[in-house]
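Working notes for the structure below.
Below, chains carry the letters A, B, ... as their sequence lines are ordered, and counting in each starts from 1. Small disclaimer: the values here were computed from a predicted structure and weren't measured.
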Amino acid sequence: MKIDNTKAQMRKGILEYCILEILESSDAYASDIIETLKKAKLIVVEGTLYPLLTRLKNAGLLEYRWEESNSGPPRKYYSLSKSGKEFQKDLKITWEELQTAVKIITNTPKNHE
Amino acid sequence: MNKTININLSGIIFYLDEEAYNLFNRYLIQVKNELESQEGGEEIIADIEARIAELFTIRLEKSRHQVITIHDINFICDTLGSPKEFMGEEEQSNEAHLNEVKSKKRLFRNPDEKVIGGVSSGIAAYFGTNMILIRIIFLLFLPFTGIGILLYVILWAAIPEAKTTAQKLQMKGEPVNLSNIKKSVTDELEGVKERFGQFGKNSSAKNNSFIIFLNRIASFILQVIEVVLKFIFNFIKIVLIIVASITGFVLFMILFGTIAETWNISGLNVISINGNLLGLNIAQAMLGNGIDLKLLQAGTLLILLFPILVLITLVAKALGRPLTKAKLFNVIGGISFLIGLAFIVYTVGQVATSFRVKATEMKKIQLSGRVFDIRADILERNEGFLFELNDDRLRIENIELQIKESKDSTASLILKHRAKGKSNSFARQRARLFDYPIDQTGEILSLSEYFSVPKEALYRGQALKVTLYLPPGSEIFMDPSIENLIFNIENAHDMLDENMLGHTWKMTEDGLLCADCEAIDYFSGSDVNGIMKDKEGKEEKEESSGMQRKIKELESEIKRLKSE
């Protein structure tokens with residue numbers, strides 16, 4: 001079992017949730033999302049995001065519209081679809097549950113000591 | 001001086017120096033190989049190309065350079081990352097077989113160098129030949145059987161267009177040089193080995209290239225089959241689209257005609273035949289100028305909004321810029337269609353109920369004298385249409401004239417005006433409102449081809465029956481101008497109406513007797529017609545034999561001239 005592989009898998013699951021979280025506050029085009037994710041150090045290279053966005057869109061969680069851009073080609077502005085919003089709420093609950101779970105577990109040994 | 005190559009990325013042209021181009025080319029092929037097999041792969045590739053175009057634009061603006069160099073490409077590679085990472089690390093187990101960057105050629109249509117659909121240039125790129133050659137081959141096929149056209153259309157329908165830059169690179173494949181040929185030969189060999197075990201160990205280079213050639217031909221044939229199937233499918237699709245658009249067009253024109261009718265836009269009246277409806281306004285005559293007409297006008301416009309909005313979204317879609325609010329558009333169109341329909345149904349219902357009850361009003365006009373010459377003022381626009389809207393009166397042509405024996409010794413005209421209405425009182429009120437101009441000057445009795453009602457009475461199936469009662473012994477000349485008025489006039493000879501015209505008739509106790517008819521006129525209607533036909537036939541025969549004689553004369557004349 002490779003440590004890198006485990007790290008990547010942990011990150012990947014969270015990544016989808018984070019994209020939904022970013023889009024929940026406001027619509028954004030790919031580069032905005034990349035910027036935010038990069039700042040949070042969740043991704044290193046941009047390339048990983050595009051397949052993910054397309055997959056989320058094809059799953060019906062995201063919608064997009066075209067907007068003209070001054071620098072470069074027209075941009076795809078993504079937004080959460082109705083089912084995307086529900087999905088995001090669901091994931092939020094799961095994430096909070098996980099967080100508490102991890103907290104409890106990481107704190108437990110101390111209590112036993 | 002460095003050579004620059006221009007590429008088109010997401011619709012923007014960039015100039016790359018040679019070094020940058022080679023690196024970028026390789027990078028894009030990797031991206032393509034990595035993502036193409038994925039679901040929605042083409043879309044992801046297009047997204048990435050758009051991002052690269054954006055990054056290029058930003059960098060060129062910052063550096064104030066014109067040409068993209070290897071530094072820019074390296075920046076792109078660093079920012080976007082290695083294509084192998086794109087699908088995430090979960091694919092790591094598959095990594096082994098992805099290591100090999102294969103750039104197999106595929107058949108695409110070339111949108112950059114096209115005359116019609118880019119088929120020739122695409123095929124030329126695939127086989128590495130000159131596209132002029134392929135075009136000449138197509139042209140050679142053209143004059144013979146049309147196979148060239150059919151083949152071209154099939155190929156056009158079947159071969160996808162190279163849309164992304166990566167596809168364009170794949171279309172051209174790698175440049176053919178010695179090292180590449182060797183590389184592709186070994187690649188092919190590997191593949192063949194996998195499939196046929198030990199085969200190919202001792203094959204010479206010549207044999208290998210032959211195998212490659214066969215491979216390509218085979219895949220080409222497969223693609224053609226695919227193309228043919230797609231073509232059949234597309235053909236059915238096109239037929240359906242054509243049928244649908246014709247139906248749509250007809251419906252649209254009918255609707256448009258209704259609108260032109262309700263709004264009385266003369267000149268735009270597409271459903272008028274021979275100009276019958278121009279100047280006449282059915283809707284106004286039926287609905288008046290009140291709320292009902294407004295409702296119908298609004299209804300037709302609201303209904304029209306639907307196809308227009310659908311058309312706009314379809315056009316936008318066809319132009320590759322689907323409207324973000326297309327759904328909203330269609331919902332609005334649909335709702336307005338339903339409201340419009342409701343308006344129209346309401347007004348039509350209103351009108352329909354006002355045809356429920358009928359009432360008849362009678363008027364008697366005494367005539368003087370015993371000799372009459374009956375005639376009619378022919379309408380200027382007499383094309384058999386039912387009614388016409390005049391400034392403030394509705395002119396209606398629905399008149400039937402009868403001639404009967406009078407019970408007393410004086411001549412009289414009885415006018416029976418029938419009208420319909422929502423209720424008995426409405427119908428009766430309407431029946432009273434009519435005006436039929438009649439004039440008797442000496443013997444001449446002038447009738448009119450129309451009667452009129454006030455515009456406010458609206459058209460509600462009004463009809464007028466005019467009966468002329470003549471005492472026995474009186475005489476009447478029936479002028480041909482009353483042809484459109486008379487309706488099955490009884491007479492002692494059972495003659496048809498049209499044959500009665502132009503003759504003087506005497507009222508007797510046996511009915512009307514013709515005073516000046518020739519023997520032939522006394523036959524019953526059908527016999528008269530038969531005799532008339534025979535007569536015409538004879539004339540025709542005579543005419544044609546005369547013609548033949550003339551032709552013979554001319555022929556002999558020609559012979560004479562020739563011999564001279």
ask   = Looking only at heavy atoms, which two atoms of A:P51 and B:L35 are closest? And how far apart?
value = CG-CD2, 4.1 Å

ask   = Which residues satisfy the ring-ring contact (aromatic ring centres under 6.0 Å, His included) test with B:Y27, sequence neighbours excluded?
value = none

ask   = Does CD belonging to A:Q99 count more than 12 external heavy atoms closer than 6.0 Å?
value = yes

Whether over 12 other heavy atoms sit under 6.0 Å from A:Y77 OH = yes

message = Could you check whether atom CD of A:E67 has more than 12 heavy atoms from other residues, nucleotides or ligands sitting under 6.0 Å from it?
response = yes

Over 12 foreign heavy atoms within 6.0 Å of NZ, A:K85 = no

remark   = With sequence neighbours left out, the residues meeting side-chain contact (heavy atoms from CB on, under 4.5 Å) with A:L15 are A:L37, A:L42, A:I43, A:L52

message = Which residue in the set A:L49, A:T54, A:L53 passes side-chain contact (heavy atoms from CB on, under 4.5 Å) when paired with B:D47?
response = A:T54

inquiry  = Within residues 72-80 of chain B, which residues come under 4.5 Å of chain A, heavy atom to heavy atom?
reply    = B:D78, B:T79, B:L80

Donor-acceptor pairs under 3.5 angstrom involving side-chain atoms of residues 50-57 of chain B: please list them, not counting sequence neighbours.
from, atom 1, to, atom 2, distance (Å)
B:R51, NE, A:E46, OE1, 2.6
B:R51, NH1, A:S31, OG, 2.5
B:R51, NH1, B:E54, OE1, 3.0
B:R51, NH2, A:E46, OE1, 3.2
B:R51, NH2, A:E46, OE2, 2.7
B:E54, OE1, A:S31, OG, 3.1
B:E54, OE2, A:Y29, OH, 2.9
B:E54, OE2, A:R75, NE, 2.9
B:E54, OE2, A:R75, NH2, 3.1
B:T57, OG1, B:A53, O, 2.5

